[in-house]
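What follows is a single structure, written as structure tokens, with notes after it.
Computed from a prediction, not measured in an experiment: that's the story for all the values here. Note that ligands are numbered from 1 as they come in the structure, with each ligand's atoms numbered from 1 the same way.
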Amino acid sequence: MPAPLLQISYSLGTIENAVRQFWQVATGYNTLAFSGQMGAGKTTFIHALCDYLGVADAISSPTFALINEYHFDENGKDRMIYHMDWYRLRDAEEAVNAGMEDCITQKNNLSLIEWPEKAEELLRSPYLWISIEATTDTDRTMMVWAK
Ligand SMILES: Nc1ncnc2c1ncn2[C@@H]1O[C@H](COP(=O)(O)OP(=O)(O)OP(=O)(O)O)[C@@H](O)[C@H]1O
Ligand SMILES: [Mg+2]
């Protein structure tokens, strides 16, 4: 595997700084795929990212809705975020039927996907593959690759 674009470790206390470093790498990508075990911290990091971007909507876990929609202001323009959780999908066909492909192929929005391995073939280059691993109860290591 090629070297990651970014490798950082963070706790809840330093997550804001991790988000800032992450966004320097992630700006310009429309699809961000967050991989990691249950409880690794995918939703937590996405919330911190949305806070950093100034999302005004209430941010919640898309576990039940599968897709949550938020908005933020990017240089005076409204930009939409689709926060998706693919955990309960069986395969790419189910993901397409649930509208996931429509979200990621729409131009200019930002798609944030938890459990992307459930329908990895739907992802279209260029995108970022982000792995989050719990190294201790409080520390997480994130690695970011361009695909
Ligand atoms: N450095 C850290 N970063 C993120 N979460 C942390 C960290 N340290 C502790 N935690 C805790 O770990 C848990 C992460 O849960 P979270 O819902 O973000 O995981 P997830 O990867 O989205 O899981 P799921 O696959 O079930 O959606 C939270 O309870 C959070 O408080
Ligand atoms: Mg989650």
Which heavy atom in Ile67 sits nearest to a heavy atom in Ala98, and how many Å separate them? CD1-O, 3.7 Å
What pairs of donor and acceptor atoms, side-chain ones from residues 25-40 against any protein atom, are under 3.5 angstrom apart with sequence neighbours left out?
from, atom 1, to, atom 2, distance (Å)
Thr27, OG1, Trp23, O, 2.4
Thr27, OG1, Trp23, NE1, 3.4
Asn30, OD1, Arg79, NH2, 2.8
Ser35, OG, Glu117, OE1, 2.8

Lys42 heavy atoms, cut-off 4.0 Å: which ligand 1 atoms fall inside? 18 (O), 19 (O), 20 (P), 21 (O), 22 (O), 23 (O), 24 (P), 25 (O)
Could you tell me, atom by atom, which parts of ligand 1 come under 4.0 Å of a heavy atom of Gln37? 21 (O)
Measuring from the heavy atoms of His47, does anything fall under 4.0 Å of ligand 1? no
Heavy-atom gap Phe45 to ligand 1 smaller than 4.0 Å: no
Closer than 4.0 angstrom: is that true for some heavy atom of Asp137 and an atom of ligand 1? yes
Between Leu12 and ligand 1, which part of the residue brings a heavy atom under 4.0 Å of the ligand: side chain, backbone, both or neither? both
Glu114 OE1 to Thr43 OG1 via the Mg ion (ligand 2), rounded to 10°, gives 90°
Under 3.5 Å between any N/O of Gly41 and any N/O of ligand 1: does that happen in this structure? yes
Derivation of the side-chain hydrogen bond (donor to acceptor under 3.5 Å, both in side chains) call for Tyr82 and Gln106: CA-CA 10 Å; Tyr82 289 120; Gln106 271 176 31; 3.1 Å; yes
Atoms of ligand 1 close to Ser11 [distance to a heavy atom under 4.0 angstrom, numbered from 1]: 1 (N)
What atoms of ligand 1 come closer than 4.0 angstrom to any heavy atom of Ala40? 19 (O), 21 (O)
Could you verify whether a donor N or O on one side chain and an acceptor N or O on the other, from Gln7 and Thr141, lie under 3.5 Å apart? no
Heavy atom of Gly39 under 4.0 Å from ligand 1? yes
Does Glu16, at its CD atom, have more than 12 non-hydrogen atoms belonging to other residues, nucleotides or ligands within less than 6.0 Å? no
Is the centre of the Phe45 ring less than 6.0 Å from the centre of the Tyr10 ring? yes
Could you list which atoms of ligand 1 come closer than 4.0 Å to a heavy atom of Thr43? 17 (O), 18 (O), 20 (P), 22 (O), 27 (O)
Flag if over 12 foreign heavy atoms under 6.0 Å of CD, Glu94: yes
Residue Thr44 vicinity, atoms of ligand 1 by number, heavy atom under 4.0 Å: 4 (C), 5 (N), 14 (C), 15 (O), 16 (P), 18 (O)
Sequence neighbours excluded, every pair satisfying ring pair (Phe, Tyr, Trp, His ring centres under 6.0 Å) that has a member inside residues 85-141: Tyr87-Trp115
With atoms numbered from 1 as shown, which atoms in ligand 1 lie under 4.0 angstrom from a non-hydrogen atom of Glu114? 22 (O), 27 (O)
Glu114-His83 side chain donor-acceptor pair, cut-off 3.5 Å: yes
